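Worksheet: one structure, shown below.
Letters A, B, ... mirror the listed sequences (proteins, then strands); counts begin at 1. Everything quoted here is computed from the prediction, not taken from an experiment.
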There are 2 protein chains.
Amino acid sequence: MAVRKDPRPCSIADALAVVGEKYSLLVLREACLGNGRFDQLVRNIGAPRDILATRLRRLVDAGILTKHAYSERPPRFEYRPTEAGLELEPVLMALKDWGDRHVRGGADLPMTVRHSCGSELVPRVTCQACGEPVRHEDLTAHAEAPGWTVAGPTAA
Amino acid sequence: MAVRKDPRPCSIADALAVVGEKYSLLVLREACLGNGRFDQLVRNIGAPRDILATRLRRLVDAGILTKHAYSERPPRFEYRPTEAGLELEPVLMALKDWGDRHVRGGADLPMTVRHSCGSELVPRVTCQACGEPVRHEDLTAHAEAPGWTVAGPTAA
DNA sequence: CGGGATGGGTTTGAATTCCCAACCGACCGG
DNA sequence: CCGGTCGGTTGGGAATTCAAACCCATCCCG
């Protein structure tokens with residue numbers, strides 16, 4: 001799915017080139033949940049088996065999953081998130097939050113996540129420096145490489 | 001791209017069904033940057049025009065973009081993020097951060113974003129309740145709807 | 001030992017998408 | 001009138017995806 005001719009050098013595009021293909025993030029969801037076996041992935045995601053096999057190869061190659069043998073004889077594997085994969089989990093949580101609020105009505109959430117602090121997780125993307133939530137109107141983009149021109153005063 | 005037979009009710013899957021198709025999040029990136037005109041999108045994203053047209057229709061239908069006329073005679077349009085679209089921008093930032101750190105080496109970032117607090121934005125996904133960064137080992141998933149079974153003690 | 005189930009895939013052929021290039025209509029500028 | 005811009009649409013071939021079937025080694029059961 002690698003965006004063929006992305007004219008802009010951009011880490012968002014780079015990230016999507018790795019995890020932006022169909023099912024990839026759902027595979028990571030399941031891997032993070034501990035459901036990393038091939039047939040679990042097939043059942044829980046509903047992806048065709050061949051597609052799943054290619055995604056898994058790609059995610060392993062990209063260093064997001066590792067293929068871990070949980071049994072020799074017969075050889076059986078489980079796909080587990082690497083450190084890089086685990087660091088993608090907050091993105092997944094932020095996406096889940098957005099989906100909770102904007103796609104699903106906001107009520108009757110199919111699944112919740114509890115944080116170790118004791119309360120139910122409500123993920124917020126914040127600025128590390130000041131701790132404030134990241135809001136569009138507080139952002140300004142700056143080009144560091146050629147290819148970037150920004151029209152308005154808005155930022156991404 | 002709606003995942004055809006997603007066996008799990010999941011807000012992540014729901015969100016991806018809307019913005020998970022190829023180019024969709026890059027379109028939103030450009031819209032947030034203020035580069036919302038059709039030919040700007042074509043140039044900056046590098047997507048085929050017909051695909052872009054389909055994505056735009058879908059994003060407008062989903063309430064993520066609006067088609068705003070910036071000129072009558074000749075009729076010219078600009079796609080702008082709605083409130084829901086703007087609320088997806090933090091996810092984009094979190095994704096950019098991951099890409100910065102894991103796909104790109106970590107150095108020579110093509111673009112940076114400044115936060116209104118004065119420092120360069122380093123987005124962190126935090127727990128709203130306690131303010132701590134969201135880390136995999138602090139999470140536990142809980143099923144609220146049928147379809148959910150989690151294998152390990154891990155969580156997503 | 002035979003017979004079925006399980007796990008982790010690969011193969012096949014049809015259906016769907018994507019991609020590219022060309023085209024179009026409305027307008028403007030010279 | 002002629003070229004250029006903008007915002008698309010159209011057509012046809014290339015690439016992906018899909019569903020279902022198949023494969024193969026290994027248990028499990030009797």
Side-chain angles (χ1 to χ4, degrees), chain A residues 1-7 13 16-27 30-31 33-61 65-80 149 151-152, chain B residues 1-7 13 16-27 30-31 34-62 65-80 149 151-152:
Chain A
M1 189 233 205
V3 175
R4 206 179 324 285
K5 47 174 192 182
D6 184 17
L16 288 173
V18 177
V19 296
E21 290 167 300
K22 198 170 175 179
Y23 304 119
S24 292
L25 286 178
L26 296 182
V27 168
E30 292 301 320
L33 284 167
N35 302 327
R37 304 185 186 176
F38 192 84
D39 64 331
Q40 285 179 321
L41 294 170
V42 169
R43 276 196 304 275
N44 294 341
I45 298 175
R49 308 174 130 256
D50 56 342
I51 306 281
L52 194 53
T54 36
R55 292 295 178 275
L56 288 169
R57 267 191 292 269
R58 176 132 181 69
L59 290 170
V60 168
D61 287 356
L65 298 180
T66 49
K67 190 172 184 174
H68 182 256
Y70 66 89
S71 147
E72 323 263 342
R73 322 205 47 71
R76 290 295 138 81
F77 310 103
E78 185 182 9
Y79 292 91
R80 296 182 179 177
T149 39
Chain B
M1 188 234 206
V3 175
R4 207 178 322 284
K5 46 173 194 182
D6 183 18
L16 288 173
V18 177
V19 295
E21 291 168 299
K22 198 169 175 178
Y23 304 119
S24 293
L25 286 177
L26 297 182
V27 168
E30 292 301 320
N35 303 326
R37 302 184 188 178
F38 191 84
D39 65 331
Q40 287 178 320
L41 293 170
V42 169
R43 276 196 305 276
N44 294 341
I45 297 175
R49 306 173 132 259
D50 55 343
I51 304 284
L52 194 52
T54 336
R55 293 294 179 273
L56 288 169
R57 266 190 293 269
R58 176 135 181 68
L59 291 170
V60 168
D61 287 356
L65 298 181
T66 50
K67 190 172 184 173
H68 182 255
Y70 66 90
S71 148
E72 322 264 343
R73 320 203 47 75
R76 290 295 139 79
F77 310 103
E78 184 183 9
Y79 292 90
R80 295 183 178 175
T149 39

Send over the distance from [X] [atom1] to [N] [atom2], rounded to a whole Å.
X        : N       : atom1 : atom2 : value
Glu78(A) : dT6(C)  : CD    : C1'   : 16 Å
Leu52(B) : dT17(C) : CG    : C1'   : 16 Å
Ile51(A) : dA14(C) : CD1   : P     : 18 Å
Arg43(A) : dT6(C)  : CZ    : C1'   : 10 Å
Tyr70(A) : dG8(C)  : OH    : C1'   : 9 Å
Arg58(B) : dC18(C) : CZ    : P     : 12 Å

Does a nitrogen or oxygen in the side chain of [X] sit under 4.0 Å from OP1 or OP2 of [N]?
X        : N       : answer
Tyr79(A) : dG7(C)  : no
Arg57(B) : dT9(D)  : yes
Tyr23(A) : dT16(D) : no
Lys22(A) : dC18(D) : yes
Arg55(B) : dT17(C) : no

Would you mind telling me which of dC18(D), dG8(C), dG7(D) lies closest to the side-chain atoms of Arg37(A)?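 Closest of the options to the side chain of Arg37(A): dG8(C).
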Polar pair under 3.5 Å, donor/acceptor by atom type, side chain Asp50(B), base dC18(C):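 Per atom types, no contact qualifies.
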Mind checking the CD-CD1 spacing from Glu30(A) to Ile45(A)? Nearest 0.5 Å is all I need.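 One finds 5.5 Å between CD of Glu30(A) and CD1 of Ile45(A).
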Distance from Tyr23(A) atom OH to Thr54(A) atom OG1, nearest 0.5 Å?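 Going from the OH atom of Tyr23(A) to the OG1 atom of Thr54(A) covers 10.5 Å.
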What pair of heavy atoms forms the shortest contact from Leu65(A) to Ala31(A), and how long is it?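 Closest approach of Leu65(A) to Ala31(A): CD2-CB, 3.8 Å.
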At under 4.0 Å between heavy atoms, which parts of nucleotides 25-30 of chain D does protein reach? Answer with one letter per nucleotide, 5' to 3': B base, S sugar-phosphate only, - none. -SS---
Below 4.5 Å, heavy atoms only, C-beta onward: do Leu56(B) and Phe38(B) meet side chain to side chain?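 Leu56(B) vs Phe38(B): side chains touch.
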Residues which pass salt bridge (charged side-chain N to carboxylate O under 4.0 Å, His left out) with Arg37(A), listed by chain and number, not counting sequence neighbours: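 Testing Arg37(A) for salt bridge (charged side-chain N to carboxylate O under 4.0 Å, His left out), a comparison that skips the adjacent residues, returns none.
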Give Asp39(B) one of three labels, base, sugar-phosphate or nothing, depending on what nucleic acid heavy atoms sit under 4.0 Å from its own.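 Contact class for Asp39(B): sugar-phosphate only.
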Main-chain N/O of Gly36(A) paired to Arg80(A) side chain as donor or acceptor, under 3.5 Å: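 Checked: no pair found.
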How would you list, by chain and number, every residue that makes a side chain to side chain donor-acceptor pair (under 3.5 Å) with Asp50(B), sequence neighbours excluded?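 Once residues adjacent in sequence are excluded, Asp50(B) has no partner under the side chain to side chain donor-acceptor pair (under 3.5 Å) criterion.
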